[in-house]
Peer 1: 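Let me give you the structure first, and then I'll get to my questions.
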Amino acid sequence: MLKIYNTLSRSKEEFEPIKDNQVRMYSCGPTVYNYAHIGNLRTYIFMDIFRRVLSFDGYKLKGVMNITDVGHLMSDSDDGEDKMAKASREQHKSPYEIAEFYTKVFFDDLSKLNINRPEIIAKATDHIGDMIKYVQALLEKGFAYEIEDGIYFDIGKFPEYGKLSRLNLDEQQAGARVEVNSQKRHPADFAVWKKAEKGHIMQWDSPWGKGYPGWHIECSAMSRKYLGEVFDVHTGGVDHIPVHHENEIAQNEALTGKKSVNYWVHGEFMLVDNGKMSKSLGNTYTVAQLEERGYAPLVFRYFCLNAHYRKKLNFTFEGMDGAKTSYERLLSALYLHKTCKDKADEKMIESYRKEFVDAINDDLNVPMALGVLWKLVKENKSCDIYNLALDFDKVLGLSLNTAKLAEEEKLDIPQEVVDIAEKRLQAKKQKDFALSDTLRAEILAQGYNVLDTKDGYKLVKA
RNA sequence: GGCACCAUAGCCAAGUGGUAAGGCAGAGCUCUGCAAAAGCUUCACCCCCAGUCCGAGUCUGGGUGGUGCCUCCA
């Protein structure tokens with residue numbers, strides 16, 4: 001039985017989907033105006049792990065992720081420039097070109113990190129009509145009102161506002177850091193639809209003239225369309241708790257009068273050198289940048305899996321080095337199990353399986369699950385262990401099946417290099433170490449290192 | 001100022017009240033012409049103080065420190 005921490009109750013709860021055997025989940029996706037950085041990606045790795053655990057437990061998944069390609073203002077003060085518009089202006093491309101480009105990069109990143117895409121990917125600009133209908137419904141029910149620059153949600157009509165973040169709005173300093181829009185009934189009222197300013201680059205016809213949707217309405221409209229008024233899980237980063245998800249709840253529940261999401265599950269932030277990631281500090285690394293520095297994307301995934309999703313994770317290159325070594329050793333340890341014909345004790349296998357399953361079902365305790373894997377790998381060599389590790393990998397997504405044999409690896413190495421290595425092996429057997437060392441240098445010149453093993457040698461890329 | 005979370009070895013990091021998972025680094029050993037790799041062994045009493053309890057890293061209270069949010073942000 002899966003237990004999961006619900007932000008709504010601030011406690012671990014037993015997970016029970018609305019429909020037996022099926023889980024409907026909405027995950028906040030990216031605003032595609034820039035490259036995703038490792039902090040963003042940590043959250044998607046968390047989402048992926050969650051989805052994999054659900055699958056592992058036998059649930060059928062219906063997941064939706066949005067791609068925000070419009071209507072995300074730079075500021076929550078309901079003015080300020082739309083992110084897409086800004087990127088568009090700066091890069092001299094149409095917003096659609098911007099969105100298309102960064103969406104593609106985003107998907108490439110996901111795939112490099114073994115993050116499975118949710119079943120449904122929903123682009124905001126494909127759903128403007130749904131959003132307009134949603135806004136109309138809010139207006140009809142009296143939960144929204146129109147002022148000069150747009151349609152606003154009236155949080156005064158929704159007394160439960162703040163229940164997710166447990167913020168007391170009255171205690172917040174109204175307007176302290178946000179300029180008060182004098183026409184708004186409450187400073188925290190937020191735009192569900194904005195009327196287009198002159199020359200605004202993205203705009204659509206609506207009952208209120210040309211305009212564009214608010215950010216929050218996007219997720220509400222699309223989740224409702226694909227998952228219904230009430231669904232099981234909503235994921236995102238912790239930063240979304242106070243504003244974005246609070247607003248979604250307000251919109252959804254005002255409209256339907258029902259609790260819209262049963263489990264709100266949030267991934268914690270990633271820190272860099274114990275501090276916040278920000279572009280101004282220049283520490284928002286991308287997958288491509290990690291690759292340039294010699295870290296395979298899956299090393300980063302492994303790094304993330306080493307920490308619990310609800311704990312802040314401190315990113316350092318020292319930590320990445322550790323993850324790299326660790327991950328590579330894990331794979332090479334698995335070689336040996338893969339080739340061994342010996343059987344393992346069934347009880348032992350089952351005991352490890354149970355330990356692993358218990359860990360992942362305890363609020364996705366992947367760090368502990370990794371510990372189980374390491375203990376397993378250190379047992380006597382056996383193909384049963386390899387097979388069990390592959391089972392674990394359905395959840396971990398670390399491509400553990402890529403563990404290669406020395407024999408298999410040779411196939412990828414140029415024949416001439418193998419020939420030199422063979423010559424060297426002979427020289428070594430005849431104790432002609434001078435020749436042996438010369439040949440090793442030749443191999444190195446070809447870009448490979450030769451490592452002696454018990455009964456021969458192994459070639460690796462230098 | 002308000003809210004929340006966190007504080008475990010050099011580093012990353014698990015931990016359900018009963019005497020500290022795992023990884024990296026380090027140290028020692030084995031193997032070894034050299035080098036590397038690999039294998040084995042080793043390495044913490046859990047920020048401070050006061051409580052509750054037979055027993056606390058694990059609960060309560062108080063400190064101290066850190067981080068995040070309260071502007072867009074995963």
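To find a chain, count down the sequence lines: A is the first, B the second, and so on, and within it residues start at 1.
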Peer 1: Does A:Lys381 pair with A:Asp342 as a salt bridge, N-O distance under 4.0 Å?
Peer 2: no
Peer 1: Heavy-atom count around A:Asn387 CG within 6.0 Å, excluding the residue itself: above 12?
Peer 2: yes
Peer 1: Sort and list the pairs that fulfil salt bridge (charged side-chain N to carboxylate O under 4.0 Å, His left out) and have at least one residue in residues 107-122 of chain A, not counting sequence neighbours.
Peer 2: A:Arg51-A:Glu119, A:Lys104-A:Asp108, A:Lys112-A:Glu291
Peer 1: Classify the ring geometry between A:Phe15 and A:Phe50 as parallel (under 30°), tilted (30 to 60°) or perpendicular (over 60°).
Peer 2: perpendicular
Peer 1: Determine whether any donor atom in the side chain of A:Asp239 lies under 3.5 Å from an acceptor atom in the base of B:C69, or the reverse, and answer yes or no.
Peer 2: no
Peer 1: Among residues 433-442 of chain A, which contact RNA chain B at a heavy-atom distance under 4.0 Å?
Peer 2: A:Phe433, A:Ser436, A:Asp437, A:Arg440
Peer 1: Which residues pass the salt bridge (Lys or Arg N to Asp or Glu O under 4.0 Å) test with A:Lys12, sequence neighbours left out?
Peer 2: A:Asp362
Peer 1: Which listed nucleotide (B:G68, B:A38, B:C12) is nearest to the side chain of A:Arg329?
Peer 2: B:A38
Peer 1: Scan A:Met270 against the nucleic acid and name what it touches under 4.0 Å (heavy atoms): base, sugar-phosphate only, or nothing.
Peer 2: base
Peer 1: Any residue in residues 43-52 of chain A with a heavy atom nearer than 4.0 angstrom to RNA chain B? Just list them by number, or reply none.
Peer 2: A:Thr43, A:Tyr44
Peer 1: May A:Phe269 be described as stacking on the base of B:A74, applying a 5.5 Å centroid limit and a 30° limit on plane angle?
Peer 2: yes
Peer 1: Taking only Lys NZ, Arg NE, NH1 and NH2, and the carboxylate oxygens of Asp or Glu, determine whether A:Glu355 and A:Lys375 approach each other closer than 4.0 Å.
Peer 2: yes
Peer 1: Quick one: list whatever passes side chain to side chain donor-acceptor pair (under 3.5 Å) with A:Gln91, sequence neighbours left out.
Peer 2: A:Tyr102
Peer 1: Run the ring-ring contact (aromatic ring centres under 6.0 Å, His included) test against A:Tyr295 and tell me which residues pass, sequence neighbours left out.
Peer 2: A:Phe317
Peer 1: Return each pair, listed once, that meets salt bridge (charged side-chain N to carboxylate O under 4.0 Å, His left out) where at least one residue sits in residues 293-308 of chain A; pairs must be two or more places apart or across chains.
Peer 2: A:Asp48-A:Arg301
Peer 1: How would you list, by chain and number, every residue that makes a side chain to side chain donor-acceptor pair (under 3.5 Å) with A:Ser220, sequence neighbours excluded?
Peer 2: A:Gln251, A:Asn252
Peer 1: Return the set of residues passing salt bridge (Lys or Arg N to Asp or Glu O under 4.0 Å) with A:Lys276 (not counting sequence neighbours), or none when no residue passes.
Peer 2: none
Peer 1: Please name the nucleotide paired to B:U19 by Watson-Crick or G-U wobble geometry with both distances under 3.5 Å, or report none.
Peer 2: none
Peer 1: Go through B:A74, B:C69, B:G33 for me and flag the one nearest to the A:Lys428 side chain.
Peer 2: B:G33
Peer 1: So, for A:Asn365 and A:His308, which heavy atoms are closest and what is the spacing to 0.1 Å?
Peer 2: CA-CD2, 3.9 Å
Peer 1: So if I take every side-chain heavy atom of A:Lys276 and compare against B:A74, B:G23, B:C69, which nucleotide ends up nearest?
Peer 2: B:C69
Peer 1: Less than 6.0 Å separating the ring centroids of A:Tyr309 and A:Tyr5?
Peer 2: no
Peer 1: For a quick test of your reading: what N or O donor-acceptor pairs under 3.5 Å do the side chains of residues 327-334 of chain A make, sequence neighbours left out?
Peer 2:
from: A:Tyr327; atom 1: OH; to: A:Leu398; atom 2: O; distance (Å): 2.6
from: A:Ser332; atom 1: OG; to: A:Glu328; atom 2: O; distance (Å): 3.4
from: A:Ser332; atom 1: OG; to: A:Arg329; atom 2: O; distance (Å): 3.2

Peer 1: Out of B:C73, B:G23, B:G33, which nucleotide sits closest to the side chain of A:Ser326?
Peer 2: B:G23
Peer 1: OP1 or OP2 of B:C12 versus the side-chain N and O atoms of A:Asn314: is any pair under 4.0 Å?
Peer 2: yes
Peer 1: Could you write out each protein N or O paired with an N or O of nucleotides 5-7 of chain B at a distance under 3.5 Å?
Peer 2:
none

Peer 1: What are the residues of residues 355-367 of chain A, sorted by number, that bring a heavy atom to within less than 4.0 Å of RNA chain B?
Peer 2: A:Asn365, A:Pro367
Peer 1: For B:G57 and B:G51, measure between their P atoms and round to the nearest Å.
Peer 2: 15 Å
